[in-house]
Amino acid sequence: MNKPTTNRAGHPLDPYLRAERMPHIWCSGCGLGLVVNCFLRGLIQSRLALDKVVVVSGIGCAGRAAGYINLDSFHTTHGRAIPFATGLKLANPELKVVVISGDGDLTAIGGNHLIHAARRNADLTVLCINNFIYGMTGGQGGPTTPLTARTTTSVGGNIDQPFNIPYLAAASGAAYVARWTTAQVVRLQKSITEALLKNGFGLIEIITPCPTYYGRMNKQRTGLEQMKYYRDNSIIKSGIDPKHAGIEFNGPIIVGRFVD
Amino acid sequence: MKKDEVRPDSRQVVIIAERCKECGFCIEFCPKHIIVKSTEINSKGYHPVRLNDEAQCTRCDICGMICPDFAICVVDIGEQQEIRGQS
Amino acid sequence: MTERKYLTGEFFMSGDDACAEGAISAGCRFFAGYPITPASEIAERMSERLPEVAGTYIQMEDELASLAAVLGASWGGVKAMTATSGPGFSLMMENLGLGIMTETPCVIVDVQRGSPSTGLPTLTGQGDMMQARWGSHGSYSIIALSPDSPQELYDLTIRAFNLSEKYRLPVLIMTEAATGHMYEKVIIPPMHEIAVVHRRKPAVSADEYLPFKPDADLVPPMANAGEGYRVHITGLTHDEQGYPAMTAEAQDSLVRRLVDKIERNRDDIIDLEEDRIDGAEVVVCSYGISARVSRIAVEQARREGIRVGMLRLITVWPFPEDRIRDISEQASAFVVPEVNYGQISLEVERCACGRAKTVLVPHMGGGVHSPATILEAIKQVAR
């Protein structure tokens with residue numbers, strides 16, 4: 001029975017993190033740290049020069065990602081990460097600009113910028129972390145909340161159809177579109193490397209557990225339960241028309257690389 | 001060499017107990033199911049994980065990839081600490 | 001097509017075009033904007049001229065994106081600008097606050113039109129002056145310049161960029177439809193004669209560099225993205241390292257510095273034009289297009305024997321409080337013509353503290369005052 005060994009040198013990813021700010025703000029069972037983990041591993045695989053990689057985040061739980069990554073990082077206003085990133089990229093095309101933000105930030109208040117950046121095929125890599133609700137502000141419903149799902153602003157069940165984000169991005173003109181859940185860590189890393197190395201507008205939707213709000217209000221009390229759900233209900237259908245990759249409440253989750 | 005005997009390797013699982021938030025991801029997703037909650041309590045009040053049968057560990061680093069808190073990872077104990085990214 | 005890289009010489013040019021040329025002379029190499037009367041010509045000119053000087057023009061999907069892109073470009077190491085009018089200016093307020101909080105140099109031109117709301121798109125207004133000062137949420141200081149001619153629009157755009165780089169914040173140019181759409185002679189000096197200021201760069205290594213540790217003038221040296229400094233920039237209240245700091249102490253030191261770095265450097269920033277104020281009984285205080293019209297009324301009043309001084313605010317913000325206070329000791333009244341229902345007049349009144357009367361000469365928008373109206377106000381208060 002050996003005691004947990006604490007490594008003197010810390011975690012190998014610490015040099016890529018603002019390690020002095022750990023442990024991070026995200027709840028136990030939240031998938032956001034996992035997404036940052038996969039992003040860093042995908043970034044390392046891409047062999048890009050780190051001094052030329054910039055992370056831009058908006059507002060929300062996912063918006064805090066920029067603050068934990070040891071790169072030039074910008075934590076901008078709600079919904080405006082993508083246009084900020086567009087300006088940054090145009091001013092210095094040598095930079096690889098990555099937007100890491102949440103579903104509310106990117107598809108609600110920032111929706112207009114998302115579709116226009118895709119239309120322009122702006123050379124950005126966007127990680128759209130979808131936990132189905134607004135986490136930071138307390139679990140309110142958003143544009144990706146599945147029909148009938150409960151949230152703190154739809155206690156009787158959400159009455160709106162959610163966006164199909166891959167379909168939205170593809171229809172707007174994105175050059176790379178994929179969706180994974182946080183249960184497919186290996187595929188997610190690989191997809192991030194692909195998106196990083198592909199020119200043009202790349203978007204990866206990452207379905208992520210939110211135990212504190214979405215899970216608690218929809219009978220998946222822990223992040224682990226949501227992770228198990230993702231593992232057991234994801235269906236990989238790379239290459240299909242993302243039109244058919246809509247999300248239904250407690251239905252199957254179609255994942256894969258849809259546009260490349 | 002017995003089927004499940006793992007040859008000695010300079011890579012080893014390391015755990016940063018202070019960062020663990022007891023989410024259970026690594027416990028569930030470890031293919032060998034050799035990660036368990038320890039009885040220790042870290043300063044945030046969580047039980048950090050520990051390996052209960054290190055010999056079975058294949059150093060696949062799924063635990064390292066799936067951990068949201070950068071609290072567990074396979075590390076090369078040799079001189080150069082290389083990341084077991086998805087190659 | 002003649003080589004038009006750097007224009008030099010005398011031109012007959014609109015204010016909007018002169019503004020674009022001023023930006024180019026100042027080293028601006030990025031413009032992100034959205035069409036809006038009466039500022040679209042600035043965007044049009046930039047879309048044509050920036051590629052000629054290896055710059056970038058991008059038309060964004062709205063004004064929110066326009067200013068966001070400008071802030072991003074600035075952090076990419078390029079001098080950046082946008083131009084809009086009232087409705088767009090209102091949409092830019094949140095990101096103006098981001099620019100203030102992250103101390104991002106850039107220039108925002110507001111070619112004011114009849115307001116509120118859609119108002120009088122093609123006609124003159126000066127109704128955004130208080131919005132320029134307090135439009136974003138929170139306590140902060142801003143710099144706003146107000147030209148009264150195409151030539152000054154050219155000159156003040158250069159000054160706006162220099163001030164934004166020196167003090168690291170968005171600097172506003174508050175002009176109007178009349179000035180923007182007016183054609184007049186504009187002299188553009190040779191490039192080497194134009195004094196251009198660049199943001200102060202860090203003097204220490206990346207390890208020691210603290211992005212928000214100020215120098216003596218309260219302005220921190222600025223590292224751009226891609227220079228290896230691994231800066232973290234956030235709109236959250238932050239410490240000197242740029243990391244979020246959710247404490248009253250961090251808020252106190254940061255917000256005080258953001259305000260003090262402008263207020264303590266007023267002497268360097270404030271720019272006034274004065275004409276026979278000493279011994280004046282009445283002082284006409286105005287800015288932008290209204291100041292131009294006022295000059296005619298002032299000269300007429302002098303012909304009629306009234307001792308009238310003229311104070312033109314070239315910088316409207318920070319407001320020249322001390323100067324107004326001094327003048328109010330010896331003049332009996334201020335006459336404040338402006339194309340709104342009383343905005344800068346409130347500031348004049350605040351600083352005059354009742355020592356001198358403050359008489360607003362309002363114009364609701366859609367045109368400029370007739371000199372006679374201003375003259376009438378001068379006469380009334382002079383009796």
Side-chain angles (χ1 to χ4, degrees), chain A residues 15-18 20-21 24-25 49-59 63-97 99 109-120 122 124 172, chain C residues 28-32 34 50 55-80 82 91-99 101-102 104 106 136 206 211 223-236 238 241-244 246:
Chain A
Y16 306 88
L17 292 165
R18 296 188 192 272
E20 67 273 33
R21 300 197 64 224
H24 54 58
I25 190 178
L50 298 185
D51 278 352
K52 301 299 178 189
V53 179
V54 185
V55 173
V56 182
S57 289
I59 298 295
R64 292 306 188 98
Y68 294 119
I69 296 171
N70 187 20
L71 298 169
D72 286 319
S73 52
F74 296 85
H75 183 209
T76 63
T77 41
H78 195 30
R80 318 307 169 196
I82 283 182
F84 184 98
T86 304
L88 191 57
K89 174 70 182 180
L90 285 169
N92 183 353
E94 198 191 354
L95 300 175
K96 166 57 68 175
V97 182
V99 172
I109 186 168
N112 194 28
H113 311 308
L114 173 66
I115 56 175
H116 283 277
R119 171 181 63 83
R120 252 182 240 117
L124 301 173
S172 304
Chain C
C28 169
R29 291 299 177 270
F30 184 90
F31 182 97
Y34 189 79
L50 276 176
T56 304
Y57 168 86
I58 182 167
Q59 189 159 298
M60 298 299 282
E61 50 272 18
D62 51 38
E63 287 89 349
L64 310 163
S66 298
L67 185 52
V70 162
L71 296 175
S74 186
W75 280 99
V78 173
K79 292 185 181 182
T82 188
L91 290 176
M92 291 185 177
M93 285 301 121
E94 186 188 2
N95 277 337
L96 172 61
L98 180 65
M101 193 66 150
T102 56
T104 307
C106 67
S136 204
N224 303 318
E227 292 176 347
Y229 282 89
R230 306 292 176 87
V231 292
H232 179 59
I233 308 299
T234 177
L236 286 170
H238 44 270
Q241 194 165 0
Y243 287 169
M246 299 294 103

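In what follows, chains are A, B, ... by sequence order, proteins preceding strands, each numbered from 1.
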Side chains of A/R21 and C/Q241 in contact at under 4.5 Å (non-hydrogen atoms) =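 A/R21 does not reach C/Q241 side chain to side chain.
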
If every non-hydrogen atom of [X] is compared with every non-hydrogen atom of [Y], which pair is closest and at what distance?
X      : Y      : value
C/G226 : A/K52  : O-NZ, 2.6 Å
C/W75  : A/L88  : C-CD1, 3.6 Å
A/D72  : C/Y229 : OD1-C, 4.1 Å
C/G76  : A/A91  : CA-CB, 4.1 Å

Counting heavy-atom pairs closer than 4.5 Å to chain A, which one of [options] comes out on top?
options                       : answer
C/N95, C/T234, C/L236, C/I233 : C/I233
C/M60, C/E227, C/R29, C/M101  : C/M60
C/I58, C/L67, C/N224, C/T102  : C/I58

Looking at A/V97, A/V56, A/L95, which has the largest count of heavy-atom pairs under 4.5 Å with chain C?
->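 Of the options given, most contacts go to A/L95.
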
Stepwise, does the side chain to side chain contact (heavy atoms under 4.5 Å, CB included) test hold for A/D51 with C/R230?
-> CA-CA 7 Å; A/D51 278 352; C/R230 306 292 176 87; 2.9 Å; yes

Run the side chain to side chain contact (heavy atoms under 4.5 Å, CB included) check on A/R80 and C/L71 step by step: do they pass?
-> CA-CA 11 Å; A/R80 318 307 169 196; C/L71 296 175; over 6 Å; no

Can you say whether C/A225 sits under 4.5 Å from chain A via the side chain, the backbone, both, or neither, judging by heavy atoms?
->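 For C/A225, the contact with chain A is made by backbone and side chain together.
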
Quick one: what part of C/V70 sits under 4.5 Å from any heavy atom of chain A, side chain, backbone, both or neither?
->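 When you check distances to chain A, no heavy atom of C/V70 falls under 4.5 Å.
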
Stepwise side chain to side chain contact (heavy atoms under 4.5 Å, CB included) test for A/H113 and C/L64 | CA-CA 9 Å; A/H113 311 308; C/L64 310 163; 4.2 Å; yes

Between OG1 of A/T77 and CD of C/E94, what distance do you get to the nearest 0.5 Å?
->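 Spacing of OG1 (A/T77) from CD (C/E94) equals 4.5 Å.
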
Nearest 0.5 Å please: distance from the CD atom of C/E61 over to the OG1 atom of A/T86.
->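 If I round to the nearest 0.5 Å, the distance is 7.5 Å.
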
Does A/R18 count as lying over the ring of C/Y243, i.e. NZ or CZ under 6.0 Å from the six-ring centre, within 45 degrees of the axis?
->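 Relative to the ring axis of C/Y243, which defines the angle, A/R18 lies outside at least one limit.
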
